[in-house]
Amino acid sequence: MTELVTTIIETAAIEPGATPPLPMRHLYLVDGSGFIFRAFHALPPLTRADGTPVGAVLGFSNMLLKLLGETDADAVAVIFDASRYSFRNAIYDAYKAQRPDAPPELIPQFPLVREATEAFNLPGIESDGYEADDIIATYARAAQRRGIEVTIVSSDKDLMQLVDDGIRMLDPIKNKAIGPDEVREKFGVAPDRVVDVQALAGDSVDNVPGVPGIGVKTAAELINTYGDLDQLLARAGEIKQPKRRESLIQHADLARVSRELVRLKDDVPDLPPLEALAVRPADPNRLVEFLRTQNFRTLLSRVESRNANRAAATAALAPVAAADAQATSAEGGAAAPMPAATAANYVLIQDLDVLDAWIARATAAGAFAVDTETTSLDAVTCELVGVSLSIEPGEGAYLPLAHKVEGLDLTGGAPRQIDRDTALARLKPLLEDPAVLKIGHNLKYDAVVLGRHGIQVAPADDTMLLSYVLDGHLHGHGMDELALLHLAHKTIAFADVCGTGKNQITFDLVPLDRARDYAAEDAEVTLRLHRLLRPRLLKERQVALYETTERPLAPVIAAMERAGIKVDPVELKRLSRDFGERLAVLETEIHRLAGRPFNVGSPKQLGEVLFDEMSLAGGKKGKTGAYATGAEVLEVLAAQGHALPARVLDWRQLAKLKSTYADALVEQINPATGRVHTSYALASTSTGRLSSTDPNLQNIPVRTEEGRKIRRAFIAEDGHVLMSADYSQIELRLAAHVADIPSLKDAFRQGIDIHALTASQVFGVPVEGMDPQVRRRAKAINFGIIYGISGFGLAQQLGIPQGEAQAYIAAYFERYPGIRAYMDRTKQLAREQGYVTTIFGRRCWVPGIKDSNPARRAFAERQAINAPLQGSAADIIKRAMARIPAALTEAGLSATMLLQVHDELIFEVREAEVEATAALVRRVMEGAAHISVPLVVDTGVGRDWETAH
DNA sequence: TGGGCGCCTCAGG
DNA sequence: CCTGAGGCGCCCAA
């Protein structure tokens, strides 16, 4: 094997004394040995016709072809390990001693990979006594000194120490560049300190000992504090944590040896000179011969077509055929059968006249189903890839608009498809035609995507919303699920088309025939679902709810999602840094109190520290056998005077704020708009509420001072302010209305403080001069009512014995007998129907209401009591939201509705229009329902969300 | 090694 | 009562 290298290039000093001018600009150093192992595990197994395993060889050949065809590489070397033993074994005999032998399927691939290197006419380099990493280091440094850019093709963390000016890494399997930032993310220090961190942390796989008890995280912290390993070891006595200090002092030599093991040698002698690495054209015949022997058919056709292109630029392969071949031919002869799901009457639209014919038919039909295919689930950032249509059941069409083929420049052409702007310009009149109904499934998504291309889809019907209104939470409302349930039809799974996990591809890379079958089916199934569900609306008396709430709301939400809200990244980063620093201080303190370091973020470890090691009382284990360490538990311990749980509470608050809010929100800022665009789920809750994801903007902190700092980062554009409008006590008002409680209704009509009133009625104290604690208790009871109250829950909430809580509830029922009547009536109804209803007739299903288990049944009963209140409130704000944009336009106001947080709406308003907008919004919101108590809306204005709230 | 998943905890209404 | 997200820890597969 070693003769390969030495026969290709005669050995010479790597760096000649007088440097001649080099044409070389960019050197790629491929970690051949590393690649083989990674590819073997990452890629599907594959065998040649004769049974020889070749999966890693294929991955390797693919990677080289890509490197040579798609990069500016003008010098390439493939570096291999020569043998198992290197100079490092002389330093530390256990080094890499317990490495398991290579899997048997991998062994025959080692020589084949070297053969591939030869076939590509690239130098393969190895050197006895040195690892591939050392050779890479030697070349990288030599090239750096001569101003040549270096890319190390590897994801080996041991090579990260080399990242520097002009030296970067490329993960060949993830196709991801690794620069100083990525290194810092992994090791917590700059590349030039990576060896120090590795020396401390060690590596169990390679048997690098490191210092016991120190992992990467701690090592980075220490190096950042003391500068480098020598400084740290010299000053180890200053370290506060006793365990850590002792370990460092005792194992200082181990750390030094470890550093020698991990530090790469960059002066490996007797290597071929850099000049020898310049790319030389491969002998096409030899490469073709090699690929044919391995039976790499796709690769072969790519290389042959490239050769053909070079020979005659006109002789390009038919693009679609190439795309199909790539996806459907099973590499290497291991037959991978393609599912034969092709429906004969699904067609591709690849010509304008065909598109025009479909548009004419859809217009004449007056209704059709439409679906879009994109590159991601994020409607605001994804790319539109294609559109599918269905006018009649049993037929459908897919219009590809942005399909690509991987390695485009090698295959010589893209799939044939109509220019996207041209096609959308033709579709726009149809999609906006007021006489043609557009039917979609979760059409809001498509509306956002098409809206970004200047198309306002209307009028529209949405099968997901129809299903939601009809069947609520009885089942999910995904199209696949509905197709199976209602049509007994198993749809093609997205995962079958695009794969899953790290091997998932985006839809634009799906070959057209597969894309057609998947996409056209979506549209066609949607059409059939519509014909099934729409008539049920009338039969089941849900037309009004759908027509006045869900249907008009969808485009309004789409507009809100597209609008997004401005978030100040500088402020969030400042907060993140502040939180981070305070977390570090707290962590040190917590470790000191515990007497040892542990992961504060691990409830399991925390529980062990508190209850096993410190023997604090009150340790209760849950069903997984871990101690409960929730806030209530820690608060009790803190109140007993224990410092550690108190610090952990502080730590948890800051950790939550940092990771969930400060850090995550910055990541979510859309670079194109500078704003954060949440996605509202319209059909995901059992009560009719919306939910918000990616990011969830319905749980931004407000209750604590530290949390409110996050809110301050939500700001308005210049010349604008944020306006908040929230319903006051809407669920309690609904309780008064639905349960028909005269005294509560009177109180709301007169604008009396409702919690104070409850307190005076239940506890018999005058409202004047009331103890705030008494009012607080009454408030908790009022909330308890909304949640379907239990003595247990109320006791928990107030921190009082359950018996006392039970007495409060009894007193409450005494004062307001209508409440108990309502609760009994509601439970009865739920049992009879299986559902309860909101004031607008929305059915909220309560599946566990007849459960034989009393605890589960009681839970369902509380759901039944809460759902009409929560659900009616949801209906009301939805009705208001559906009306607001039109009302604003009509009034000539420019305000934009941005967010909904269950009982609150956030607007971005021109400063000059604040008064008029507030008045209008209040009028629409308060008029969204007419019930026996007034609806009251409070508004607030400010440059940020905290001020406006 | 890392993706998937359940659990815990905690943010909002 | 209704939610969604992040971190941890465990299992399993490529």
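What you see below is based on every heavy atom in this structure, not just the backbone, and it leaves out hydrogens, waters and symmetry mates. As the structure is a computational prediction, the values presented were derived from the model and not from experiment. Below, chains carry the letters A, B, ... as their sequence lines are ordered, and counting in each starts from 1.
Listed nucleotides: C:dG9, C:dG6, C:dC1. Nearest to the side chain of A:N599: C:dG9. Of all nucleotides listed (C:dT3, C:dG6, B:dG12), C:dG6 comes nearest to the side chain of A:A664. Of the candidate nucleotides B:dC8, C:dC1, C:dT3, C:dT3 has the atom lying nearest to any side-chain atom of A:S691. Candidate nucleotides C:dC2, C:dG4, C:dG7 were compared by shortest atom distance to the side chain of A:K656, and C:dG4 ranks first. Looking at the side chain of A:Y661, the nearest of the listed nucleotides C:dG9, B:dG12, B:dA11 is B:dA11. In the set C:dC8, B:dT9, C:dC1, the nucleotide with an atom closest to the side chain of A:R652 is B:dT9. Picking from C:dG9, B:dA11, C:dG6 the nucleotide with the shortest atom distance to the side chain of A:Q605 gives C:dG9.
Here the P atom of nucleotide B:dT9 and the NZ atom of A:K604 are 13 Å apart, to the nearest Å. Following rounding to the nearest Å, A:E667 (CD) and C:dG6 (P) show an atom-to-atom distance of 10 Å. A:W651 places its CH2 atom 11 Å from the P atom of B:dC10, with the value rounded to the nearest Å. Between the P atom of B:dG13 and the OH atom of A:Y680 lies a distance of 13 Å, rounded to the nearest Å. Here the C1' atom of nucleotide B:dT9 and the CG atom of A:L654 are 15 Å apart, to the nearest Å. Here the P atom of nucleotide C:dA13 and the CZ atom of A:F40 are 16 Å apart, to the nearest Å. Counting to the nearest Å, the P atom of C:dC1 and the CD atom of A:Q797 are 12 Å from each other. In this structure, the CD atom of A:E635 is 13 Å from the P atom of B:dT9, given to the nearest Å.
Here A:K709 pairs with A:E706 under the salt bridge (Lys or Arg N to Asp or Glu O under 4.0 Å) rule; sequence neighbours left out. Legend: residues meeting salt bridge (Lys or Arg N to Asp or Glu O under 4.0 Å) with A:E571, ordered by chain and number and at least two apart, are A:R574. Residues passing the ring-ring contact (aromatic ring centres under 6.0 Å, His included) test with A:Y808 are A:F763, sequence neighbours excluded. Not counting sequence neighbours, the partners of A:Q796 by the side-chain contact (heavy atoms from CB on, under 4.5 Å) test are A:E632, A:F792. Legend: residues meeting salt bridge (Lys or Arg N to Asp or Glu O under 4.0 Å) with A:E613, ordered by chain and number and at least two apart, are A:R596. Scanning for side-chain contact (heavy atoms from CB on, under 4.5 Å) contacts around A:E182 gives A:K176, A:I178, with sequence neighbours left out. Residues satisfying the salt bridge (Lys or Arg N to Asp or Glu O under 4.0 Å) criterion with A:D903, sequence neighbours excluded, are absent altogether.
In this model, the phosphate group of C:dT3 is approached by a side-chain N or O of A:S686 to a distance below 4.0 Å at OP1 or OP2. For A:T629 and B:dT9, the shortest distance from a side-chain N or O to OP1 or OP2 is below 4.0 Å. Not one side-chain nitrogen or oxygen of A:Q698 sits closer than 4.0 Å to the OP1 or OP2 atom of C:dC2.
A:Y627 and A:F611 have tilted rings, their planes meeting at an angle from 30° to 60° on a 0 to 90° scale.
Looking only at atom types and distance, the side chain of A:S679 has no donor-acceptor partner in the side chain of A:D694 under 3.5 Å away.
Using a 4.5 Å heavy-atom threshold, the side chains of A:I789 and A:I865 count as separate.
Applying a 4.0 Å cut-off to non-hydrogen atoms, the residues of residues 699-711 of chain A that approach DNA chain B are A:N699, A:I700, A:P701, A:V702, A:R703, listed by residue number. Near-neighbour residues of DNA chain C inside residues 865-874 of chain A, defined by a heavy atom below 4.0 Å, number-ordered: A:N866, A:Q870.
Heavy atoms of A:E731 sit nowhere under 4.0 angstrom from any nucleic acid atom. Using a 4.0 Å heavy-atom distance criterion, A:A631 is classed as a sugar-phosphate-only contact. Note on A:R862: only backbone sugar-phosphate atoms sit closer than 4.0 angstrom, heavy atoms only; bases stay farther off. Within the 4.0 angstrom heavy-atom criterion, only backbone atoms of the sugar-phosphate kind lie near A:G601; the bases stay farther away.
Look at A:R879 and A:D875 and you find no salt bridge, because none of the NZ, NE, NH1 or NH2 atoms lies under 4.0 Å from a carboxylate O.
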